[in-house]
Protein chains: 2
Amino acid sequence: MLDPASRVRRFNRAVTSAVGALDSSFLGRGRPLGAARVLNAIGHGRSDVAEIRDYLGLDSGLMSRLLRSLEDEGLIETTAREDDARRRMATLTRAGRREFTAYEALSNAQAEGLLAQHSQREALLAAMDLIASALTRERVTLEEMDPRCEQARYCLGEYYAELGRRFSQGFDVSLSRGPDAKDMRRPRGTFLVAMSDTLPIGCVGLKGTDHGYAEIKRLWVAPAARGLQLGRRLMDGAESAARELGIALLRLDTNSALPEAGRLYRSTGWREIPRFNDDPYPDLFFEKRL
Amino acid sequence: MLDPASRVRRFNRAVTSAVGALDSSFLGRGRPLGAARVLNAIGHGRSDVAEIRDYLGLDSGLMSRLLRSLEDEGLIETTAREDDARRRMATLTRAGRREFTAYEALSNAQAEGLLAQHSQREALLAAMDLIASALTRERVTLEEMDPRCEQARYCLGEYYAELGRRFSQGFDVSLSRGPDAKDMRRPRGTFLVAMSDTLPIGCVGLKGTDHGYAEIKRLWVAPAARGLQLGRRLMDGAESAARELGIALLRLDTNSALPEAGRLYRSTGWREIPRFNDDPYPDLFFEKRL
DNA sequence: CGCGATACCTGACTAAAGTCAGACATCATG
DNA sequence: CATGATGTCTGACTTTAGTCAGGTATCGCG
């Protein structure tokens, strides 16, 4: 009654019926699921027809018919793209936006309803994050972003909060050598965010310096995404970027209160070196030649 | 990017495609999904046709046709029930059992494959248990069982393990007043197990005594099922059983290291009383008149 | 400009799932 | 034993999703 496979299968059964309930709530608006999915994809900002078709995995004939039916309902308009008149763009009309909003409300109500049943909301949400990250693992993308953008700032906030919990003396950003945002932008460096669907679940910064090396900073992986080798992927991404930028030597500092980080560095060709800065927080220093 | 509804919806999206993959793996055996689901329901021990129809939510016409197609394939046999010839029973033939086994293998392989991706198996499984319990909350049933049966023993084992973790001095069953199994069977008492799908997720014992009262023993709720008010449901069930058995006074002992239990008792009409036994573990004693 | 490639559309088709009304045998009850 | 209720079956039908083979307009390139 306890073997892992049957636990997974119990989860599958539970979730199948819950997801089925969501689907059928979408049917309540008198439109088949296929059309509703296309409408929602457009509402969520996808406008290129080929992109939607690809995202939803639809045949081009079927896609065309679904677009036609939405058009007949007066919910969308399609126009040829200016730069290539073969391709088409779909946009919501006023009525389409109303309908999309109604679907959003349904979806949110369904989500809230699911949460309302449970008194330990946060535990349930954390479990969902964990599972979503595990299931979408192969669809996690690394994206170069400005270190000041919303997603990057979210990651950094979580990172600092985690250091605060893990360091016995806490963590105060202002005491640490905060890397300047422009040092983590091309061409001096870069900043990578790991995105799972629309949620940032990890980040790493490559910070250019004037000392003949670049530094790896702010490596963070969301608790829900640990165990997926994401730290390794982020480090690989940062190293590739460094090579592209013609950087030959990398350094980083870390703390022995973060043993999993130390293990990662040691197992991927980093070599411990003496202290190379006077930041009060780190007590371990590494270097890697590319 | 962090509001609860969008976290739930991200989970939904992630899980929809994973569940879709399971479904399509079932299509690999050249049979439509509907027929495969019926075959699997029969394989899992459901034989009454009306029960299967109800479980799978099928129309009786459709159900009949699916049974016919499985029969034509030589996978099942249907017979009229002896006690009511209108109702029909379906059983697997030898070929049907082979086919069912193949589906089971597919299902297990799919489950294992999902787990294999993740290095923190136990965390992933715990998250799945939590979600499955939350989603199937309204389908949790309380069942009277023999305290010696497999499900009951599993619950008790988990219960003792938890006490061992929660009590600073640990917990040794042999030092505690182990209630005799026959005191927790009708007509002296009873033993209730909360079942979610096929997994036991909680229990409570009603133990008859010769002192003019009965005792509540072994109240346990699986960690994955906490926050669902299951403790309250179990206690309600035990009290109803006590009333049926003509028991007018209930007592229980507990420990202040289990504060959630104490809160539950106080909020449901239990009154603290002086120590009424010499068990070394409890330090709190309650009574409730029915 | 001509030509193959590309993006989308249309028509014809199929499979699966499901609905509904009525037929038929059996059951419980007065 | 007549009667209405129940469980199953059958035939006729619909909806949805999806496939496939052309058809048409447009694009990039020699």
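Scanning DNA chain C for stems, defined as runs of 3 or more consecutive Watson-Crick or G-U wobble pairs whose donor-acceptor distances all fall under 3.5 Å, gives the following ranges: C:1-30 with D:1-30.
The shortest distance between side-chain heavy atoms of B:I42 and B:T91 does not fall below 4.5 Å.
Non-hydrogen atoms lying under 4.0 Å from DNA chain D are contributed by A:L58, A:D59, A:L62, A:R65, all within residues 41-67 of chain A. Of the residues in residues 69-79 of chain B, none has a non-hydrogen atom less than 4.0 angstrom from any atom of DNA chain C.
Separating the CD atom in A:E71 from the CZ atom in A:R65 is a distance of 14.5 Å, to the nearest 0.5 Å. For the atom pair CE (B:M89) and CG (B:D48), the distance works out to 6.0 Å, reported to the nearest 0.5 Å. In this structure, the separation between CG on A:L66 and CD1 on A:I52 is 10.5 Å, given to the nearest 0.5 Å. Distance check: B:R188 CZ to B:L245 CG gives 11.0 Å after rounding to the nearest 0.5 Å. We find the CE-CG distance between B:M184 and B:D146 to be 9.0 Å, quoted to the nearest 0.5 Å. Rounded to the nearest 0.5 Å, atoms CG (B:L67) and OG (B:S69) are 8.0 Å apart.
The distance between atom CE of B:M89 and atom C1' of D:dG7, rounded to the nearest whole Å, is 14 Å. What separates CZ of A:R37 from C1' of D:dG18 is a distance of 12 Å, to the nearest Å.
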Listing, residues 106-116 of chain A side-chain donor-acceptor contacts under 3.5 Å, not counting sequence neighbours, or none:
unit_1	atom_1	unit_2	atom_2	d
A:S107	OG	B:R9	NE	3.0
A:N108	OD1	B:R9	NH1	3.3
A:N108	ND2	A:E104	O	3.4

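In this structure, B:R81 pairs ionically with B:D83, as a charged nitrogen and a carboxylate oxygen lie closer than 4.0 Å.
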Polar-atom pairs under 3.5 Å, protein N or O versus N or O of nucleotides 23-28 of chain D: list them with distances, or write none.
unit_1	atom_1	unit_2	atom_2	d
D:dC27	OP1	A:A85	N	2.9
D:dC27	O4'	A:R86	NE	3.3

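Using cut-offs of 30° and 60° on the angle between ring planes, the pair A:F100 and A:H44 is perpendicular. Classified by interplanar angle (parallel below 30°, tilted 30° to 60°, perpendicular above 60°), the ring pair A:F11/B:F11 is perpendicular.
Of all nucleotides in DNA chain C, those with any atom nearer than 4.0 Å to a heavy atom of chain A start and finish, going 5' to 3', at C:dA5 to C:dA12.
Nearest approach of A:L70 to A:A35, heavy atoms of both residues: CD1-O, 3.8 Å. Nearest heavy atoms, B:A102 versus B:R29: CB-CZ, 3.5 Å. B:E144 and B:T190 get closest at one heavy-atom pair: OE1-OG1, 2.9 Å.
Checking A:S196 against B:R10 by side-chain atom types alone, a donor-acceptor pair falls below 3.5 Å.
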